[in-house]
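So the structure is just underneath, and the comments pick up after that.
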Amino acid sequence: MKIVIIGPGGIGSTFAFQLARAGHDVTVVARGKRLEQLRRDEAIVSAAGERAAVRVSAALDATTEWDLALVTVLASQVDAVLPALAASAAKTVMFMFNTFEPLSRLRDAVGSARFAFGFPAILATLDDGKLTSRIVDRGMVTTVTDPAWAKVFAGAGVPTVVHQDMESWLRTHAALVVPVMVAVVAAHARQAGISWAEATSLARAMEEGLRVVRQLGNTITPEPMAMLSRLPTPAVATLLWMVSRVEAVRKMGAAGPGEPRTLIDAIAAAAPGQTPALLAIRP
């Protein structure tokens, strides 16, 4: 397959590494320091020194008939790449990031016939351009809307399942993950776990976000997320308190507060006046 990956941060680099290793023709589109690193290495390089050769570009070639354009930028960055994606000859455009907004805008931008969405079950970081990643291979694995690409990803070592109601999936995930992100960002900044009072406030914000998801007519899905949503507040607070003390997870807080801010703002915009607990934890 001929695949272009736009946004080779930790997630995009993991997909590039796995897909290139599986024999696919992979091009990564990057900018700034990451572009310089990739041009120098001409490969995705792991922290262990493993290499997966990729092509490198500073912009999406609109004339190439990519089998897949995989977009792994943040939701706040996607508007900058939408015009190029809309004009591209890519056969499938798959967006893969956290969002709470309706997916119709993205579908309309690239056309429903080639639109796909997914979410990666991958924990990944880049340190001096070197990739460290862990691909979740059981339970909540990577989820996409397109069965054909689920098969390709699985064949490249990224276990993937299909879920058709990705809007409900993503909104459920956003409501659950925002308090985790806030906890991890705070823990990274202070190099210490959050307090019990903070964990309790974050747990209440999670409950509020899930109420908004239901009020909007979405389903709490999939079942593992639904099970988590039914936990009592003290149990959720305990989980958040513990997560903030895991060094490997805390390290992910280096990404900063931008993504949880964006998600909180999107949830608040969808339910004006109904999100005081979420707005109270906004970093």
Side-chain angles (χ1 to χ4, degrees), residues 1-46 50-99 103 105-111 114-120 122 124-133 135 142 144-146 148-149 152-153 156-158 160 255-256 258-259 262:
M1 294 288 184
K2 198 170 186 65
I3 299 169
V4 61
I5 297 176
I6 302 160
I11 299 300
S13 293
T14 300
F15 273 97
F17 185 91
Q18 295 295 132
L19 290 164
R21 279 280 180 108
H24 299 289
D25 182 349
V26 177
T27 297
V28 293
V29 176
R31 62 181 182 179
K33 183 179 179 181
R34 185 60 176 147
L35 176 61
E36 294 173 9
Q37 292 168 336
L38 289 163
R39 280 178 166 165
R40 181 180 64 245
D41 295 334
E42 295 182 335
I44 305 296
V45 182
S46 76
E50 298 173 301
R51 298 171 62 88
V54 296
R55 304 176 194 272
V56 184
S57 178
L60 176 66
D61 182 352
T63 64
T64 299
E65 292 187 359
W66 309 100
D67 292 299
L68 174 68
L70 182 60
V71 186
T72 55
V73 300
L74 296 175
S76 58
Q77 300 168 329
V78 74
D79 282 347
V81 300
L82 270 183
L85 290 167
S88 79
K91 298 173 185 176
T92 299
V93 179
M94 181 182 291
F95 299 91
M96 189 173 279
F97 47 74
N98 265 319
T99 185
L103 300 184
R105 183 174 70 90
L106 300 176
R107 184 182 295 109
D108 292 345
V110 301
R114 59 180 186 151
F115 170 82
F117 208 102
F119 192 86
I122 295 170
T125 57
L126 286 171
D127 295 304
D128 294 325
K130 304 299 188 292
L131 175 67
T132 299
S133 63
I135 299 169
T142 295
V144 299
T145 55
D146 189 308
W149 285 105
V152 171
F153 293 161
V158 182
T160 305
E259 190 170 10
T262 298

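On a predicted model such as this, the values are computed, not experimentally measured, just so you know.
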Tell me if the CD atom of Glu50 is crowded by more than 12 foreign heavy atoms within 6.0 Å. yes

Going from [atom1] on [X] to [atom2] on [Y], what distance comes out if it is rounded to the nearest 0.5 angstrom?
X: Glu259; Y: Thr99; atom1: CD; atom2: OG1; result: 9.5 Å
X: Thr145; Y: Leu103; atom1: OG1; atom2: CG; result: 9.0 Å
X: Ser88; Y: Ile6; atom1: OG; atom2: CD1; result: 7.5 Å
X: Thr92; Y: Trp149; atom1: OG1; atom2: CH2; result: 6.5 Å
X: Arg40; Y: Leu35; atom1: CZ; atom2: CG; result: 11.0 Å
X: Leu126; Y: Thr132; atom1: CG; atom2: OG1; result: 8.0 Å

Please name the pair of heavy atoms, one in [X] and one in [Y], separated by the smallest distance, quoted to 0.1 Å.
X: Leu38; Y: Ala43; value: CD2-O, 3.7 Å
X: Ala116; Y: Asp146; value: CB-CB, 4.3 Å
X: Ala59; Y: Ser57; value: O-OG, 2.6 Å
X: Gly157; Y: Ile135; value: O-CD1, 3.7 Å

Side-chain contact, heavy-atom cut-off 4.5 Å: [X] with [Y]?
X: Leu82; Y: Leu106; result: yes
X: Val81; Y: Phe95; result: no
X: Leu74; Y: Thr262; result: no
X: Val152; Y: His24; result: yes

Residues pairing under side chain to side chain donor-acceptor pair (under 3.5 Å) where one sits in residues 73-85, two or more places apart or in two chains, turn out to be Asp79-Arg105

Using 4.0 Å as the upper bound for N to carboxylate O, is an ion pair formed by Asp67 and Lys91?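 Salt bridge flag = yes for Asp67 with Lys91.
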
Step-by-step side chain to side chain contact (heavy atoms under 4.5 Å, CB included) determination, Asp25 to Arg55: CA-CA 8 Å; Asp25 182 349; Arg55 304 176 194 272; 2.9 Å; yes

Partner of Met96 under side chain to side chain contact (heavy atoms under 4.5 Å, CB included), chosen from Val73, Val144, Val71: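 Going through Val73, Val144, Val71 one by one, the side chain to side chain contact (heavy atoms under 4.5 Å, CB included) with Met96 is satisfied by Val144 alone.
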
Hey, which of Leu70, Ile3, Thr72 is the one that makes side chain to side chain contact (heavy atoms under 4.5 Å, CB included) with Met94?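 The option that passes is Leu70.
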
Mind listing the side-chain donor-acceptor pairs of residues 7-21 below 3.5 Å, one per line with the distance, residues two or more places apart or on another chain?
unit_1 : atom_1 : unit_2 : atom_2 : d
Ser13  : OG     : Pro8   : O      : 2.8
Ser13  : OG     : Gly9   : O      : 2.7
Ser13  : OG     : Arg34  : NH2    : 2.8
Thr14  : OG1    : Gly10  : O      : 2.7
Gln18  : NE2    : Ala156 : O      : 2.7
Arg21  : NE     : Arg51  : O      : 3.3
Arg21  : NH2    : Arg51  : O      : 3.3

Looking at Ile5, is its backbone amide N or carbonyl O close enough to the side chain of Trp66 to form a donor-acceptor pair, meaning the two atoms are under 3.5 Å apart? no

Look at the side chain of Arg114 and the backbone N and O of Ala90, then say whether any donor-acceptor pair between them is shorter than 3.5 Å.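 Such a contact is found between Arg114 side chain and Ala90 backbone.
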
